[in-house]
Q: 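Below you'll find the structure I mean.
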Amino acid sequence: MTFDRRPKIAPSILSADFANFGAEIRAIEDQGADWVHVDVMDGHFVPNITFGPQTCRAIRPHIRTVMDVHLMIAPVDPYIEAFANAGADFISIHVEAGPHTHRSLQAIRAAGARPGIAINPGTPVEAVENLLDLVDLVNVMGVNPGFGGQKFIPSQLLKIERLRRMIGDRPIHIEIDGGVARDTIGAIAQAGADVFVAGNAVFSGGSVSNPEVYGSNISALREIAKV
Ligand code: DX5
Ligand code: ZN
């Protein structure tokens, strides 16, 4: 897969119909989604529970683009193999989820997936400085993880700018996750992000029987992100 920093819209299925993931995924990809963001939550690292490796395995055949799995779980290590075997292209883990992040990221790559590191709004960007050579993606949380539809936390813009300088010309994506909407994505793109996770901003107003709304939401977001 070649690396480029052109804006990518990655709808999060956290905001999709949980009874209809296959059709929802086909709809967003037909309507222009670049990646599919898959939010795994364990009710321990974050105060919400979604689904696990089995659901990821079940939805994998419906994803034609990129399966971007975001693990909001702790501990991480016992589950890396299962998510890699489920077919995840990217597996992002939280730097806050445990003491041996360096080793966990190596294990993700060894399991055949592309490693990503995610950081919560309260975590300084320096926390990932020594991990950058192990990852293909840094996920900067725009909200406190656990739920869709929250407001973007503006202090994360400075963090993205610093991260962009830290990365330099290394082929590492900067993903923003949470609170991405038409009124926030421009400043986020300006700060240096290139992958934009959007749940609410893509799915609200649409459905599998009215997917054109997904398409217009995705195109509007991508247009604004082309700073
Ligand atoms: C939050 C998740 C985000 C969330 C984004 O814990 O990691 O991916 O689904 O949802 P919106 O775009 O609605 O803020
Ligand atoms: Zn996420």
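Each ligand, and each atom within it, is numbered from 1 in the order the structure gives. In this chain, residues are counted from 1 in sequence order.
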Q: F152 near ligand 1, heavy-atom distance under 4.0 Å?
A: no
Q: Below 4.0 angstrom, N of the basic side chain to O of the carboxylate: do E29 and R26 qualify?
A: no
Q: Under 4.0 Å from a heavy atom of P145: give me the atoms of ligand 1 that qualify, with their elements.
A: 6 (O)
Q: With no hydrogens and no angle check, do the side chains of N217 and R182 hold a donor and an acceptor under 3.5 Å apart?
A: yes
Q: Numbering the atoms of ligand 1 from 1, which are under 4.0 Å from a heavy atom of M41?
A: 6 (O)
Q: Could you pull out the atom name of the N/O/S atom in D177 that is nearest the Zn ion (ligand 2)?
A: OD2
Q: Heavy atoms, side chains only, cut-off 4.5 Å: are I188 and Q156 in contact?
A: no
Q: Under 4.0 Å from a heavy atom of H70: give me the atoms of ligand 1 that qualify, with their elements.
A: 7 (O)
Q: Give the residue and atom name of whichever protein heavy atom lies nearest to atom 12 (O) of ligand 1, and the separation in Å to one decimal.
A: G199 N, 2.7 Å
Q: Tell me if the aromatic rings of H62 and F21 count as close, with their centers under 6.0 Å from one another.
A: no
Q: To the nearest 0.1 Å, how far is atom 3 (C) of ligand 1 from its closest protein heavy atom, and which atom is that?
A: D177 OD1, 2.9 Å
Q: Pair N200, S15 - check side-chain hydrogen bond (donor to acceptor under 3.5 Å, both in side chains), show working.
A: CA-CA 6 Å; N200 215 38; S15 301; 4.8 Å; no
Q: Would you call I108 and I93 a side-chain contact if the rule is heavy atoms closer than 4.5 Å?
A: yes
Q: Hey, are the side chains of E126 and R162 touching, using non-hydrogen atoms and a 4.5 Å cut-off?
A: yes
Q: Is the shortest distance from a Lys or Arg side-chain nitrogen in R170 or D133 to a carboxylate oxygen in the other one below 4.0 Å?
A: yes
Q: Are F3 and H173 near enough that their ring centres are under 6.0 Å apart?
A: yes
Q: Of all N/O/S atoms in H70, which lies nearest to the Zn ion (ligand 2)?
A: ND1
Q: May I have the angle between D39 OD1 and H37 NE2 with its vertex at the Zn ion (ligand 2), rounded to 10°?
A: 90°
Q: Look at atom 2 (C) of ligand 1 and say which protein heavy atom is nearest, naming residue and atom and giving the distance to 0.1 Å.
A: D39 OD2, 3.4 Å
Q: With a cut-off of 4.0 Å, which atoms of ligand 1 are near a heavy atom of S12?
A: 8 (O), 9 (O)
Q: Under 4.0 Å from any heavy atom of V197, which atoms of ligand 1 are there?
A: 8 (O)
Q: Flag N200 as yes when one of its N or O atoms lies below 3.5 Å from any N or O atom of ligand 1, and as no otherwise.
A: yes
Q: Relative to the heavy atoms of H37, which atoms of ligand 1 are at a distance of less than 4.0 Å?
A: 8 (O)
Q: Quick test of your reading of the model: are K8 and D68 salt-bridged, counting only N-O distances below 4.0 Å?
A: no
Q: Taking heavy atoms and a distance under 4.0 Å, where does A198 meet ligand 1: side chain, backbone, both or neither?
A: backbone
Q: Using a strict 4.0 Å cut-off to heavy atoms of G149, name the atoms of ligand 1 that fall inside it.
A: 11 (P), 13 (O), 14 (O)
Q: Just going by heavy-atom distances, which of G146, G179, G148 is nearest to atom 14 (O) of ligand 1?
A: G179
Q: Can you spot which of N130, V128, V76, V95 makes a side chain to side chain contact (heavy atoms under 4.5 Å, CB included) with T101?
A: V95
Q: Within the 4.0 Å heavy-atom shell around L14, which atoms of ligand 1 are there?
A: 9 (O)
Q: My understanding is that only one of D177, V38, I91 makes a side chain to side chain contact (heavy atoms under 4.5 Å, CB included) with H70; could you say which?
A: D177
Q: Using distance alone, determine whether M72 and ligand 1 share an N or O pair under 3.5 Å.
A: no
